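These notes concern the structure reproduced below.
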Amino acid sequence: MKYTVSIEIAQPRERVAQLLADPAQLPKWLRGMVLHEPLSGVHGQVGTTSRVVLQMGQQKIEATETITRREPADLHAIPKDIVVHFSREIVSDGMWSAAHEHLTEVGPEATLWVSENEYRFGGWLMRLVGLVMPGAFRKQSLRHMRDFKAFAEQGKDVREERD
């Protein structure tokens, strides 16, 4: 299953990139984030492997995330014509996914965030979920992007809201 989602954020691209790359900010916009700890490497750097735990309703999901791309490596003084790229692979029981994030400057105070996502499922139950509910994955990605937008633009913290 593959899909692409995007959102425009009323913040400079460099600020958006720095917020997305900062592990301390994750729980503020990524609903259900329980834990994100590097197992090897430095958070956010290419090759880093992290243990990720998310709570979604009554279900706790544990996965391993590997950073596969971060360009440019230095997120300060990024030239205007450069597109910022973040890519990661996430593996959990019965699922593999890859996300390729692209941040493009669309104005001095505006950033376009495009997220290309791919999922592969193992086991009959996860394959069934992927077939029956493909829109749920896209909807969840958009929700994370909207939450990030509200955090970046207005400082809204998802931990202070009710679902």
Side-chain angles (χ1 to χ4, degrees), residues 1-7 9 11 13-78 82-104 111-130 133-134 136-152 157-159:
M1 173 178 53
K2 293 181 182 183
Y3 62 87
T4 300
V5 290
S6 63
I7 195 165
I9 300 165
Q11 287 290 318
R13 183 193 45 168
E14 190 169 300
R15 171 136 172 83
V16 170
Q18 291 168 359
L19 285 173
L20 281 172
D22 184 353
Q25 306 306 321
L26 281 171
K28 296 177 184 177
W29 63 270
L30 191 57
R31 286 180 195 270
M33 174 60 67
V34 175
L35 179 72
H36 192 287
E37 65 176 354
L39 299 173
S40 66
V42 178
H43 181 87
Q45 299 300 318
V46 173
T48 299
T49 301
S50 300
R51 178 174 166 238
V52 179
V53 180
L54 296 170
Q55 184 76 41
M56 300 179 119
Q58 298 298 319
Q59 185 177 11
K60 191 174 275 191
I61 299 168
E62 187 167 336
T64 301
E65 172 192 72
T66 303
I67 304 300
T68 57
R69 183 176 184 189
R70 177 177 164 168
E71 294 175 11
D74 182 1
L75 300 176
H76 297 85
I78 303 167
I82 298 293
V83 175
V84 175
H85 298 274
F86 292 110
S87 295
R88 67 190 178 283
E89 291 183 359
I90 298 175
V91 178
S92 66
D93 198 25
M95 186 186 77
W96 171 92
S97 71
H100 307 285
E101 318 293 346
H102 314 282
L103 303 175
T104 306
T111 302
L112 178 63
W113 176 11
V114 177
S115 180
E116 299 172 5
N117 299 272
E118 179 180 356
Y119 287 85
R120 296 180 194 155
F121 304 103
W124 68 271
L125 182 59
M126 286 304 294
R127 286 187 183 140
L128 182 63
V129 169
M133 298 179 20
F137 290 86
R138 185 178 190 282
K139 184 178 176 183
Q140 185 67 32
S141 294
L142 279 170
R143 184 174 196 189
H144 290 317
M145 292 175 99
R146 288 185 191 116
D147 286 343
F148 178 82
K149 176 182 173 74
F151 168 68
D157 188 327
V158 296
R159 297 171 299 181

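None of these values were measured; they are calculated from a predicted model.
Annotation: the span from Leu26 atom CG to Phe151 atom CZ amounts to 9.5 Å, rounded to 0.5 Å. The line from CD of Glu14 to CD1 of Ile78 is 5.0 Å long, rounded to the nearest 0.5 Å. Put simply, CH2 on Trp29 and CZ on Arg146 are 14.0 Å apart, with the number rounded to the nearest 0.5 Å. Considering NE2 of His102 and OG of Ser6, their distance stands at 11.0 Å, rounded to 0.5 Å.
Remark: the backbone N or O of Val16 is not paired with any side-chain donor or acceptor of Gln11 at under 3.5 angstrom. The backbone N or O of Pro27 lies less than 3.5 Å from no partner atom in the side chain of Gln25, so there is not a single donor-acceptor pair. Put simply, the side chain of Ser115 never gets that close to the backbone of Glu101: no donor and acceptor are under 3.5 Å apart.
Scanning both residues, Ala63 and Ser92, for their nearest heavy atoms gives CB-CB, 3.8 Å. His36 and Pro38 make their closest contact through O-CD, 4.1 Å (heavy atoms, listed as atom of the first residue, atom of the second, distance). For Gly44 against Arg70, the heavy-atom pair with the smallest separation is O-CD, 3.2 Å. Heavy-atom minimum distance, Ala21 versus His43: O-CD2, 3.6 Å. Of all heavy-atom pairs between Ile67 and Gln45, the closest is CB-O, 3.3 Å. The shortest non-hydrogen separation linking Asp157 to Arg159 is OD2-NH2, 2.6 Å.
Phe137 and Tyr3 have their aromatic ring centers separated by at least 6.0 angstrom.
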*Start with the C-alpha gap between Val114 and His100, add the side-chain angles, then the distance that decides, and say whether side-chain contact (heavy atoms from CB on, under 4.5 Å) holds.*
CA-CA 8 Å; Val114 177; His100 307 285; over 6 Å; no
*asked:* Working note: Lys60 + Val53, criterion side-chain contact (heavy atoms from CB on, under 4.5 Å); need CA distance, chi angles, decisive distance, verdict.
replied: CA-CA 7 Å; Lys60 191 174 275 191; Val53 180; 3.6 Å; yes
*List the steps and the verdict of side-chain hydrogen bond (donor to acceptor under 3.5 Å, both in side chains) for Glu116 and Thr4.*
CA-CA 4 Å; Glu116 299 172 5; Thr4 300; 5.1 Å; no
*Decide side-chain contact (heavy atoms from CB on, under 4.5 Å) for Leu54 and Met33; before the verdict, give the C-alpha distance in whole Å, the side-chain angles of both, and the deciding distance to 0.1 Å.*
CA-CA 5 Å; Leu54 296 170; Met33 174 60 67; 4.0 Å; yes
_Apply side-chain contact (heavy atoms from CB on, under 4.5 Å) to residues Gln140 and Asn117 and explain how you reach the verdict._
CA-CA 12 Å; Gln140 185 67 32; Asn117 299 272; over 6 Å; no
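Residues Leu20 and Trp113 meet the side-chain proximity criterion, which asks for heavy atoms closer than 4.5 Å. Taking 4.5 Å as the limit, every side-chain heavy atom of Thr111 sits out of range of all side-chain heavy atoms of Val84. For the pair Trp96/Glu118, a side-chain contact is recorded, criterion being any heavy-atom separation below 4.5 Å from C-beta on. A heavy-atom distance below 4.5 Å is found between the side chains of Leu75 and Phe86. Put simply, the side chain of Val5 reaches to within 4.5 Å of the side chain of Arg138, judged on heavy atoms. Side-chain contact between Glu65 and Thr48 is absent, with no heavy atoms from C-beta onward closer than 4.5 Å.
By the 4.0 Å N-to-carboxylate-O rule, Glu62 lies close enough to Arg51 to be salt-bridged with it.
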